[in-house]
Amino acid sequence: MEANAPKRKEARKSLRIKVISMGNAEVGKSCIIKRYCEKRFVPKYLATIGIDYGVTKVQVRDREIKVNIFDMAGHPFFYEVRNEFYKDTQGVILVYDVGQKESFDALDAWLAEMKQELGPHGNMDNIVFVVCANKIDCTKHRSVDESEGRLWAESRGFLYFETSAQTGEGINEMFQTFYSAIIDLCDNGGKRPPSSMGVGFTKEQADAIRRIRNSKDSWDMLGVKPGATRDEVNKAYRKLAVLLHPDKCVAPGSEDAFKAVVNARTALLKNIK
Ligand SMILES: Nc1nc2c(ncn2[C@@H]2O[C@H](COP(=O)(O)OP(=O)(O)OP(=O)(O)O)[C@@H](O)[C@H]2O)c(=O)[nH]1
């Protein structure tokens, strides 16, 4: 009986993974890692020179994982050093500072740099990305709101967390979820499990919300030319209303975008005979 007992309780094989941090200089990459690994915050800025490397052991669910963390310098000057380190990565911590819009706008360029370094055979789809909207303790200077960051991340199938390396808010939760997703990826033969891909909204919805946020006036918001007729305005409105109606669309920011579209239509129709 004993000899045939299932090996349920035997700890599963420990995993070895590689994760990297990415994002503009001074957004708080090193501080996020220090907060999690060393439980402390360093207020003084010490720029990472090229790469900082560390190994840490963590317990996630019933698994022990050995994490090799490569903390990349964000300054463009260090491109030649960090470009060596993109390959064979299971997870990426992509960081921006919620008070620095440029650091959020730069996220696409960071993805492009990684893609270029991985080359034509590199596959970014099978890497777990977590986006950290960092420095949320600095509420006065916030220039990228949660729905904008969440939309950018979730429309790409990335995890999203609001963090503060200073107070520790969101840090443990972010790392636990991040590592957990990497374990799922490894258990699935290095491929992202299908269950982690669905975000509940379409790219068309995400693009429409982004376009509405960035539109310069009501015409632009509805996607019609200035001087469009009532019919053209109504037709454009109906299309967006169906796409973004709060009963149908769960994308972050959809409610605000829907309201903005309703207001834009009202404003335009007032002035069209
Ligand atoms: N208020 C606040 N400051 C933070 C936070 N995280 C980091 N900082 C500060 O921001 C500055 C930059 O932090 P780092 O962690 O060194 O930034 P980095 O992204 O690693 O920068 P590079 O090494 O140049 O790529 C430091 O002065 C930190 O103390 C945060 O959550 N809140």
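All values reported here derive from a predicted model rather than from experimental measurement. Note that ligands are numbered from 1 as they come in the structure, with each ligand's atoms numbered from 1 the same way.
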Any N/O pair Val42/ligand 1 closer than 3.5 Å: yes
Trp152 reachable from Met114 in the ILVMFWY side-chain graph, under 4.5 Å edges: yes
Nitrogen or oxygen of Thr48 less than 3.5 angstrom from that of ligand 1: yes
Ala165-ligand 1 polar pair, N/O distance under 3.5 Å: yes
Test of proximity, Cys31 against ligand 1: N or O pairs below 3.5 Å: yes
Nearest candidate to atom 11 (C) of ligand 1, where distance is taken over non-hydrogen atoms, out of Met72, Lys44, Lys135: Lys135
Val92 side chain near Val19 side chain, heavy-atom distance below 4.5 Å: no
Closest protein heavy atom (residue, atom, distance) for atom 19 (O) of ligand 1: Lys29 NZ, 2.8 Å
Check: Cys138 N/O within less than 3.5 Å of ligand 1 N/O: no
Sub-3.5 Å N/O-N/O distance, Phe41 and ligand 1: no
Side chain to side chain contact (heavy atoms under 4.5 Å, CB included) between Val55 and Val67, worked out: CA-CA 6 Å; Val55 188; Val67 188; over 6 Å; no
Please output the side-chain donor-acceptor pairs of residues 246-263 that fall under 3.5 Å, not counting sequence neighbours, one pair per line with the distance.
from: Ser254; atom 1: OG; to: Cys249; atom 2: O; distance (Å): 3.3
from: Ser254; atom 1: OG; to: Ala251; atom 2: O; distance (Å): 3.0
from: Asn263; atom 1: ND2; to: Lys259; atom 2: O; distance (Å): 3.4

Close N or O approach (Asp71, ligand 1; < 3.5 Å): no
Intermediate values then yes/no, side chain to side chain contact (heavy atoms under 4.5 Å, CB included), Leu222 and Val233: CA-CA 7 Å; Leu222 290 185; Val233 167; 3.7 Å; yes
Atom 21 (O) of ligand 1 - nearest protein heavy atom and its distance: Glu26 N, 2.9 Å
Side chain to side chain contact (heavy atoms under 4.5 Å, CB included) involving Glu102 - partner list, sequence neighbours excluded: Gln100
Nitrogen or oxygen atoms of Val27 and ligand 1 under 3.5 Å apart: yes
Ile32, Asp137, Ile33: member with heavy atom nearest to atom 1 (N) of ligand 1: Asp137
